[in-house]
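Below: the structure, in structure tokens.
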Protein chains: 2
Amino acid sequence: MFSKATEYALRATIYIAQHTTEDSKCRIDDIARGIDAPVSFTAKILQALRKDEKVINSISGPNGGFYITDKCRKKPVRAILDAMGEGEVLEKCVLGLKKCSNTSPCPMHSDYKEIKKKLLRLFEDRTIQDLADDKGMFLKLGKK
Amino acid sequence: MFSKATEYALRATIYIAQHTTEDSKCRIDDIARGIDAPVSFTAKILQALRKDEKVINSISGPNGGFYITDKCRKKPVRAILDAMGEGEVLEKCVLGLKKCSNTSPCPMHSDYKEIKKKLLRLFEDRTIQDLADDKGMFLKLGKK
DNA sequence: ATAATTCAGGACAATTTTGTCCTGAATAGA
DNA sequence: TCTATTCAGGACAAAATTGTCCTGAATTAT
């Protein structure tokens, strides 16, 4: 569904929302270990999340690291996708047709439209904090 | 959602189902033009669809080309995904977690599960022929 | 001021995906 | 049989994605 980079971004954001406050931040290597992702690649992804769309924050130096503000916690999960440049995935045609639309539908359009609508709602209604709160019985972000 | 190769595969299969019978086949370059895909890359994809899982057929020589049998027309659209090695896409975790399951769910699992179920149904219930039959008002497979 | 810690950001490398090209095999018709 | 047509399949190339590494800047404490 999403690129690896975006999967890591989703996991990292959840991790950060679960493990930090504005006072107690966490370092890249903790995050990377916590989500089973390569450290340097994670660094690059966290930079993207920190940029304009600003999903997370960071500060350098001792006791520095990444954290997420209360304001950002309230953002929809979709903000992560947008920051990674994959927001469009939720809207494009299954067959990859540029001009597929209600007035010019591909053979899968009408059925797939309903699914996209649900997907969009999933990513737009739920906030980052919602995901962090949802600590099910097992909530291991790692592979194992 | 899917790779470009798989998008082309879906488009190509629909194209073939709409434009050929076992008597009148069509050539790679017609197919490629009809679905707005590069010719040589399309050739490679059509080979994959022709292989074991056999979604389509072909014969060489003059008046040769690609076609699809009645039997293959009845296969679910999912057969195309499987032939392209992307069947798994419909089942994996949004966060990319290997061990995400009902007993060990990620924070998106329960919501996303319902969407995957609908996606699966979409690709398993509808046949290739269904797609070929669905000639809406506008059914242009090309980009424009 | 200096040293230690931690992120920022760019250059680089590996891998995968996407795409091209060429030779050979199969088929049909003259 | 000979030629023209069309697919088969592998080698190769380009581009995108994924991943690594290094230098520098910011911050903290001494």
Matching residue for B:I56 among B:T20, B:I16, B:I80 - test: side chain to side chain contact (heavy atoms under 4.5 Å, CB included): B:I16

Closest-nucleotide ordering on DNA chain D, the 5'-leading residue of A:F41 and B:I28: B:I28

Side-chain N or O of B:S58 closer than 4.0 Å to phosphate OP1/OP2 of D:dT6: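 No.
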
C:dT18 OP1/OP2 closer than 4.0 Å to side-chain N/O of B:Y8: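 No, outside the criterion.
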
Between [X] ([atom1]) and [N] ([atom2]), how many Å, whole number?
{"X": "B:R27", "N": "D:dA8", "atom1": "CZ", "atom2": "P", "value": "14 Å"}
{"X": "B:I31", "N": "D:dT6", "atom1": "CD1", "atom2": "P", "value": "12 Å"}
{"X": "B:I56", "N": "D:dC7", "atom1": "CD1", "atom2": "P", "value": "10 Å"}
{"X": "B:D29", "N": "D:dT5", "atom1": "CG", "atom2": "P", "value": "12 Å"}
{"X": "A:I35", "N": "D:dG19", "atom1": "CD1", "atom2": "P", "value": "11 Å"}
{"X": "A:L49", "N": "C:dA8", "atom1": "CG", "atom2": "P", "value": "11 Å"}
{"X": "B:E86", "N": "C:dT16", "atom1": "CD", "atom2": "P", "value": "15 Å"}
{"X": "B:K25", "N": "D:dC7", "atom1": "NZ", "atom2": "C1'", "value": "13 Å"}

Annotated protein contacts, base or backbone, on nucleotides 9-14 of chain C with a non-hydrogen cut-off under 4.0 Å, one of B, S, - each: B-B---

Where protein sits on nucleotides 24-30 of chain D, one letter per nucleotide: B base, S sugar-phosphate only, - none, heavy atoms under 4.0 Å: --BBB--

Partner set under salt bridge (Lys or Arg N to Asp or Glu O under 4.0 Å) for B:E22, not counting sequence neighbours: none

Among D:dT20, D:dG19, C:dT18, the nucleotide that comes nearest once only the side chain of A:K4 is considered: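 Taking heavy atoms from C-beta onward, the closest nucleotide is D:dG19.
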
Residue pair A:L81 / A:T6, side-chain heavy-atom distance below 4.5 Å: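 They are in side-chain contact.
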
Steps toward salt bridge (charged side-chain N to carboxylate O under 4.0 Å, His left out) verdict (A:K92, B:E7): CA-CA 12 Å; A:K92 68 180 276 217; B:E7 289 176 356; 2.7 Å; yes

Touch class at under 4.0 angstrom, heavy-atom based, for A:A43 against every strand present: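 It contacts nothing in the nucleic acid.
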
Centroid separation B:Y15 to B:Y67 less than 6.0 Å: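 They do not qualify: ring centres at least 6.0 Å apart.
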
Minimum-distance pair of heavy atoms, taken over all atoms of B:A79 and B:V55: O-CG2, 3.9 Å

Derivation of the salt bridge (charged side-chain N to carboxylate O under 4.0 Å, His left out) call for B:E124 and B:K75: CA-CA 9 Å; B:E124 283 176 352; B:K75 291 194 177 182; over 6 Å; no

Between B:N102 and B:K113: side-chain donor-acceptor atoms closer than 3.5 Å: yes

Chi angles and distances behind the salt bridge (charged side-chain N to carboxylate O under 4.0 Å, His left out) call for B:D82, B:R78: CA-CA 6 Å; B:D82 289 335; B:R78 168 149 200 182; 3.4 Å; yes

